Amino acid sequence: MDILDEIYINQLAQRVYSIVDGIKWFSSFDDGKQVEILKKISFYALQGGGTGMDVEQAVSNSRLKSTYTPCQLLLMAKERVPLSSSSLRVSLNKIVALPCDERAKSFILFISLLNVIFHNKNVTELDRKDKWWESNLSNIEYVETIIESNK
């Protein structure tokens with residue numbers, strides 16, 4: 001996955017771009033690329049300190065029915081060990097492994113989860129240079145420096 005895709009994913013999570021645009025973008029890829037994208041979002045969620053405590057808000061914010069399979073699997077993370085990232089990791093991996101007809105819903109849910117984690121970050125933790133994806137990606141100049149540093 002290239003840096004432009006990674007930036008776009010995080011801009012979607014920060015609501016720089018709409019989820020409607022994100023779904024069109026995600027749907028334009030083949031199965032393998034979609035799985036790669038979901039795995040990358042899962043990585044960001046775990047690196048961002050996501051736990052089972054974040055999942056109810058993510059499901060609610062996604063506006064998906066909580067009875068959908070990806071939502072049910074994600075909600076299991078709170079039921080198992082709410083403060084643990086390992087229970088979240090288990091749920092995320094199960095969602096990534098779902099059939100292709102669940103991928104668009106999974107993508108929406110993952111972006112929503114990443115948004116919740118981003119907004120739960122302490123202000124002092126934002127704009128860390130070692131984790132550019134936790135920085136404000138609506139700043140075009142900053143995004144250009146990320147792209148330049150990853151060439």
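Note that the structure is a prediction, hence the values are computed from the model and not measured.
- Between Ser87 and Ala77, the shortest heavy-atom distance links the atoms OG-O, 3.1 Å.
- When every heavy atom of Gln72 is checked against every heavy atom of Thr67, the shortest pair comes out as CG-O, 3.8 Å.
- Note that CZ of Phe43 is 10.5 Å distant from CZ of Arg89, once rounded to the nearest 0.5 Å.
- Taking the side chain as every heavy atom from C-beta outward, Phe110 and Ile9 never approach each other to under 4.5 Å.
- To the nearest 0.5 Å, atoms OH (Tyr142) and CG (Asn136) are separated by 9.5 Å.
- Residues Ala45 and Leu114 approach most closely at N-CD1, 3.6 Å, considering heavy atoms.
- Under 4.0 Å is where a charged nitrogen must lie from a carboxylate oxygen, and between Lys105 and Glu102 at least one such pair does.
- Using a 4.5 Å cut-off on side-chain heavy atoms (C-beta onward), Leu88 and Leu113 make contact.
- Figure legend: Lys40 and Tyr44 shown as a cation-pi pair, the cationic atom lying under 6.0 angstrom from the six-membered ring centre and within 45 degrees of its axis.
- Between the CD1 atom of Ile3 and the OG atom of Ser149 there is a distance of 7.0 Å, given to the nearest 0.5 Å.
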For this session: Start with the C-alpha distance between Asp54 and Lys78, add both sets of side-chain angles, then the distance that settles salt bridge (Lys or Arg N to Asp or Glu O under 4.0 Å), and finish with yes or no.
Result: CA-CA 8 Å; Asp54 300 312; Lys78 184 170 186 201; over 6 Å; no
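- Between the Asp5 side chain and the Met1 main chain, no donor and acceptor come within less than 3.5 Å of each other.
- Residues Lys39 and Asn93 fail the side-chain proximity criterion, which asks for heavy atoms closer than 4.5 Å.
- Counting only heavy atoms from C-beta outward, the side chains of Leu73 and Leu98 approach each other to under 4.5 Å.
- Hydrophobic clustering places Ile111 together with Ile7 (ILVMFWY residues linked when any side-chain heavy atoms are closer than 4.5 Å, directly or through intermediates).
- Looking only at distances, no side-chain donor or acceptor of Ser62 sits under 3.5 Å from a matching main-chain atom of Ile108.
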Exercise. What's the verdict on side chain to side chain contact (heavy atoms under 4.5 Å, CB included) for Ile95 and Thr69, showing C-alpha distance, side-chain angles and the deciding distance?
Worked result: CA-CA 8 Å; Ile95 294 168; Thr69 302; over 6 Å; no
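- In this structure, the side chain of Ser28 engages the main chain of Trp25 through a donor-acceptor pair within 3.5 Å.
- Taken to the nearest 0.5 Å, the CG atom of Leu109 stands 5.0 Å off from the SG atom of Cys71.
- When hydrophobic clusters are built by joining Ile, Leu, Val, Met, Phe, Trp and Tyr residues whose side-chain heavy atoms come closer than 4.5 Å, directly or via intermediates, Phe26 is grouped together with Leu64.
- Considering only heavy atoms from C-beta on, Val116 comes within 4.5 Å of Asn61 through its side chain.
- Within 6.0 Å of atom NZ in Lys33, more than 12 heavy atoms from other residues, nucleotides or ligands are found, so the atom counts as buried in its surroundings.
- Put simply, the side chain of Glu56 does not reach to within 4.5 Å of the side chain of Val59, judged on heavy atoms.
- The structure places OG of Ser106 at 12.5 Å from CD1 of Ile37, a figure rounded to the nearest 0.5 Å.
- Looking at Ser60, its side chain never comes within 3.5 Å of a backbone N or O of Gln57 through a donor-acceptor pair.
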For this session: Let me see the working for Asp2 and Glu6 under side chain to side chain contact (heavy atoms under 4.5 Å, CB included), right down to the final yes or no.
Result: CA-CA 7 Å; Asp2 68 22; Glu6 292 184 47; over 6 Å; no
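- Between Ser135 and Phe118, the shortest heavy-atom contact is O-CE1, 4.1 Å.
- When all heavy atoms of Thr51 and Ser85 are compared, the closest pair comes out as CG2-N, 4.4 Å.
- Met53 and Val90 sit in two unconnected hydrophobic clusters of ILVMFWY residues. Membership requires side-chain heavy atoms under 4.5 Å apart, directly or through other members.
- To the nearest 0.5 Å, atoms CD1 (Ile19) and CG (Asn115) are separated by 9.5 Å.
- Across all non-hydrogen atoms, the minimal contact from Gln11 to Tyr17 is OE1-CE1, 3.1 Å.
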